[in-house]
Amino acid sequence: MQALLLTAALIFFAIWHILAFDELKTDYKNPIDQCNTLNPLVLSEYLIHAFFCTMFLYAAKWLTLGLNMSLLAYHIWRYISRPVMSGPGLYDPTTIMNADILAYCQKEGWCKLAFYLLALFLTTYMA
Amino acid sequence: MPVAPGNPHGNPEAAQRQGALPSTPLRREVTLAPAGFPRGDTRHFRPAVGASDVAGPVHSAMMSSQVVVNQGYNSQLPGSYPPLTPAKTLNPGSGHYYSGGSQGPGQTLHRPPVAANPAVPSLHSGPVPRMPAPASQSPAATPRPSGGFLPGASPLPPVTWQHSYPSMGSQVNHYPPAPSQPPVPGSTNLSTNHQYVSSGDPLLQNSYGKSGITSNTNSGSLMAHSNYDEIEGGGFLATPQLATKNPQISRSVGYTYPSLPPGYQNVPPPSSATGMPPSSLNYPSGPQAFPQAPLGANHLTASMGGLSLHPEGLRVVNLLQERKMLPSTPLQPPVPNLHEDIQKLNCNPELFRCTLTSIPQTQALLNKAKLPLGLLLHPFKDLVQLPVVTSSTIVRCRSCRTYINPFVSFLDQRRWKCNLCYRVNDVPEEFMYNPLTRVYGEPHRRPEVQNATIEFMAPSEYMLRPPQPPVYLFVFDVSHNAVETGYLNSVCQSLLDNLDLLPGNTRTKIGFVTFDSTIHFYSLQEGLSQPQMLVISDIDDVFIPMPENLLVNLNESKELVQGLLKTLPQMFTKSLETQSALGPALQAAFKLMAPTGGRISVFQTQLPTLGVGALKPREEPNQRSSAKEIHLTPSTDFYKKLALDCSGQQVAVDLFLLSGQYSDLASLGCISRYSAGSVYYYPSYHHQQNPVQVQKLQKELQRYLTRKIGFEAVMRIRCTKGLSIHTFHGNFFVRSTDLLSLPNVNPDAGYAVQMSVEESLTDTQLVSFQSALLYTSSKGERRIRVHTLCLPVVSTLNEVFLGADVQAISGLLANMAVDRSVTASLSDARDALVNAVIDSLSAYRSSVLSNQQPGLMVPFSLRLFPLFVLALLKQKSFQTGTNARLDERIFAMCQVKNQPLVYLMLTTHPSLYRVDNLSDEGALSISDRTVPQPPILQLSVENLSRDGAFLMDAGSILMLWVGKNCAQNFLSQVLGVQNYASIPPIMTDLPELDTPESARTLAFISWLREQRPFFPVLYILRDESPMKANFLQHMVEDRTESALSYYEFLLHIQQQVNK
């Protein structure tokens, strides 16, 4: 049950990201504000996901763990290669408006949304 | 004019479609067209036309059906599609041929239609004096209706036209059945022309294109004519009758003549009587109705089909064989292949330039060409002439907010169509009145529509707050190290000298902050007898003591300020404090400035070591040579975040770094980069040991202090629907997809923008880019400077290559390479540069060249591409080897990003001149001076000789290298020295001697200097000068220890391309 709630939270994060980047793209928000709101979310999302992985590890759900490990690895890589910044988070307001980066972030949002939805189904049906 | 014949038919329809403004200069285009077309061809075509065999049948069929509806005349004229506008329009192109006696008849035939159309005359407004009455012309025409067919039928072009029509989406049908159809404000014809251009032999294209253009113009003018004439009441043509009849006449062209008012038909045109060529007839009619409105013409734009390329431009060059590709005069940017009328109004390439002057239709085509698409801007350049408009309403598109510009189309007098989003907008009432000519009803002749670069005085809706006063804050490093360099003397002296020249008004405010391990403020309150220094030693939590007196009105406290500047250099001479708390000082400065915004000028001489923003040395001298693992990225985001805060409060920070040691410019530079400031770097500055740097600082400071400045600025770049902005390059903060936040804007800053084609541009023939810079001038006025650039769209790879602007491409690539070095690595960036050449040239080879010749074949437009890329690879930013210090490299990168293209190209690929034998041959004369113009030499040592003297112009510096065996004459007459050995080791000025040689040299050097806003210092080098290495480093065609020579580079590229 708790897992479900948490997955829901992750989905929420993913959607939030997608919306946020869309707002940026359509010029509704200032990138500084947007990055300030998004950045704290990034780490919490990653931590929740890491928490999941440990849960799966304890429950010995190897298949699910395998799936989630790949995302975890991606998260770690992503965080390591983040731009130089003092606070937590990933997004740098000075580069976020670059068309490539923005498109990448949006795509990442959609992929994660799909992944979390999949995870939601898996956890509901397999648990 | 050959054109004339075509017009009549085309006009009415065109007019309806376009509601175009009058366009004047048909003539020229016409003439151009013929060049491509051999006479023989025309003849050849003709018979075919007459027979209606080739193109004829198709057309006729189409035509007839529609025509029939109208008038039923068609049956008689199967081959001729008189009604078709296009056919006639084509004629103009062919008109050339007509000029020959044999073809005369054809022309005459054409005329009749002209006569029929009252509007026609307007077209030829140009040179010819007004004819007495339009009617007179028409009569001539009328007699030979049958003849008219031939011309109409004439060349193939008609066929093409017809085909193209279908493609014109929104445009009104050309042969609408109803003659009565009201003039429809259709879209422009652009699409039609376009097709011509794209297909077939270039020459043919040219001619067609031209003809197309002319036709359009005509139509445009016609339209305008009917509308405006009435309004103005001036045009003789404008009689109401005529206007009403136009539609009908035009349609029926072939046979309608009889229906024309008798007066027109019968009267012989005076011109014909005189035996003048028919074309001349038209002129008269064309009179003045719209002479000025060259553009009105957006329609013209539509017609841009004609390639304006010089034949030379079509050449394919084998770089391996033709080694002397560098022109001996400065390289001129290519001229977009636009109709002359449009081009004439287009933005100056120095201000606004695109890497591809022919925009590819689709992203796929762009990808295929492997050339970067982007814009290079110099939006705030000092201009000699800038139209400024003050009006209560600034006319802008209601949906995309584009400012009205020369490339919009006027559908009729009351409506204009945005050239970026195609929305139709109303012309506001005020806009109907032209303040220049004091005429009502001429929106197309207002300055906004006549100038691609214009400045508006912005009303209060463009202000978020009252315009800020100019505020200048100077932050000086006064640590021991700084005092050692002695920079304070020069800077304070410069400031004293230029205090009155600081841009500003009575509201100008100024303030000073100094720092070492503590921060010192100076209270300059009015009434104090001398400045009062306040020391804040708590650098962890900076606060501002008595904020009201630290920034003071310059006028009111001028004496205090002067007093402070005089004493400041001496105040810290005893200082032993070696620490530098730059971070806290910047925070304090920001707090001081935040309420108003303004400019902070920071002078720093070492690595900041205290408080926030302290940095650690990262440079490892031993690893300079390896392209990997060098620190191009900032080590902390403190400066970036502070810069963003500054940007939010409209504060810009300019950094002057005068440091002998590594100071981590990569980190420090962020403070300027994101706050739209500029960076100046004087390595190893010392007031005694390095007088050259001292002079450079003085000159640059003078420019810096006195140049124009814009405060609280934003710049938005808009482009035609279908294009989108990919990345910006320069110093600013990107606030949204197309908006740059520029707390300060200065006239020496350039910007680059990468673009991508998001949607296919097949429906359009022209695209436009508009940059709008909204700023507060130093006088407290809110102003908007708008630049609009218009470019043609093309559909074939060959045309994309033909229109490539090699300088702009190199400039944009350099910007992209800087980004790449920061995000990936320097070696990646270098590879990317080389690959850019290889990819584009192989794309050219595989897709454009039909026969695969050996060698390195490049389009003429890209003949210098490999050279410029090689020069980039050898530029400080991207070079490998041990001689680049990290800070110098990063500074060079900052310069790449922040310099306007011209100077970037000069620093990358300097101009080399031989100056010991200057002569007045080919000299320019400017006012009363003669400026010799020595040829530009290739940058290779083989062009140097010991018995000469060579001047290298590298943008911000000039180097005069004097060979060992230089003629005694030059030494004594120009340098003013006895012999070679007596040239002083450091010499930065040429004496003014009373000799012709000296006068020439000085005239040439001062001419070079006048071309740029800053003052390049001249260094005179002897063979053994330490700077000689610097000089030789610019010899980009030669081989160096770590880089290929030009020829080797070409071979390498050839290998890759032919793989």
Side-chain angles (χ1 to χ4, degrees), chain A residues 15-46 73-110, chain B residues 363 374 400-401 583 612-613 615 618 631-649 666-667 670-671 673-676 714 716 718 723-741 753-758 816 819-820 822-824:
Chain A
I15 295 175
W16 182 268
H17 272 85
I18 295 172
L19 287 182
F21 288 119
D22 197 62
E23 275 176 344
L24 268 187
K25 203 171 185 179
T26 50
D27 205 355
Y28 281 125
K29 284 262 176 78
N30 182 326
I32 301 181
D33 300 341
Q34 202 65 297
C35 288
N36 286 344
T37 53
L38 283 184
N39 277 334
L41 291 184
V42 174
L43 212 54
S44 42
E45 180 196 328
Y46 288 4
Y74 172 76
H75 279 163
I76 292 172
W77 169 80
R78 185 95 162 89
Y79 210 77
I80 287 176
S81 59
R82 72 182 190 140
V84 180
M85 50 200 297
S86 46
L90 275 182
Y91 306 110
D92 176 356
T94 58
T95 56
I96 193 72
M97 292 312 295
N98 180 299
D100 282 341
I101 295 180
L102 199 57
Y104 178 82
C105 291
Q106 276 187 306
K107 217 181 289 170
E108 185 191 39
W110 285 110
Chain B
Q363 182 70 35
C400 67
R401 308 300 293 148
V612 283
L615 299 171
R618 294 190 291 169
H631 299 282
L632 299 172
T633 47
S635 59
T636 164
D637 69 342
F638 168 77
Y639 294 97
K640 184 198 290 181
K641 281 166 90 177
L642 185 59
L644 292 182
D645 291 343
C646 286
S647 176
Q649 299 299 324
S667 305
C670 289
I671 189 76
R673 178 163 173 208
Y674 298 110
S675 68
V714 289
R716 196 181 285 273
R718 298 182 173 87
L723 293 169
S724 71
I725 292 170
H726 185 277
T727 310
F728 290 100
H729 300 278
N731 288 357
F732 46 66
F733 171 60
V734 189
R735 214 157 64 191
S736 82
T737 42
D738 59 351
L739 184 71
L740 302 180
S741 154
V753 186
Q754 267 172 268
M755 311 283 308
S756 55
V757 184
E758 273 204 338
M816 293 162 68
D819 274 2
R820 178 68 77 89
V822 173
T823 55

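Chain naming here is simple, since letters A, B, ... match the order of the sequence lines and numbering starts at 1 in each.
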Practice item. Keeping to residues at least two apart or across chains, list the salt bridge (Lys or Arg N to Asp or Glu O under 4.0 Å) pairs with something in residues 731-741 of chain B. Key: R716(B)-D738(B)
Point to revise | Pairs touching residues 89-98 of chain A that satisfy salt bridge (Lys or Arg N to Asp or Glu O under 4.0 Å), sequence neighbours left out | key: D92(A)-K640(B)
Check your understanding: Any sub-3.5 Å donor-acceptor pair from Q363(B)'s side-chain atoms to V757(B)'s backbone N or O?
Key -> yes
**Study point:** Per-residue contacts, residues 641-649 of chain B versus chain A, heavy atoms under 4.5 Å
**Key:** K641(B), L644(B)
Check your understanding: Residue by residue, which of residues 99-109 of chain A have a heavy atom closer than 4.5 Å to a heavy atom belonging to chain B?
Key -> A99(A), D100(A)
Exercise for review: Flag the one option from T95(A), V84(A), T94(A) with the top tally of heavy-atom pairs under 4.5 Å to chain B.
Suggested key: T94(A)
Review point. Which bit of S635(B) is near chain A, if near means a heavy-atom gap under 4.5 Å: side chain, backbone, both or neither?
Key: backbone
Point to revise | Engaged part of I725(B) at the chain A interface, taking heavy atoms whose separation is under 4.5 Å | key: backbone
For the student: nearest non-hydrogen atoms of [X] and [Y], plus distance:
X: F733(B); Y: P31(A); result: CZ-CG, 3.7 Å
X: S724(B); Y: E758(B); result: OG-CG, 3.2 Å
X: L38(A); Y: Y91(A); result: CB-CD1, 3.9 Å
X: M85(A); Y: D637(B); result: CA-OD2, 3.0 Å

Exercise for review: Could you label the plane-to-plane angle of the Y79(A) and Y46(A) rings as parallel, tilted or perpendicular, counting under 30° as parallel and over 60° as perpendicular?
Suggested key: perpendicular
Practice item. Return the orientation label for the H17(A) and F21(A) ring planes: parallel under 30°, perpendicular over 60°, tilted otherwise. Key: tilted
Review point. For P83(A), is it the side chain, the backbone, both, or neither that has a heavy atom closer than 4.5 Å to a heavy atom of chain B?
Key: neither
**Study point:** S667(B) and T636(B) side chains, donor-acceptor separation under 3.5 Å
**Key:** no
Point to revise | Any side-chain heavy-atom pair of N98(A) and H726(B) under 4.5 Å | key: yes
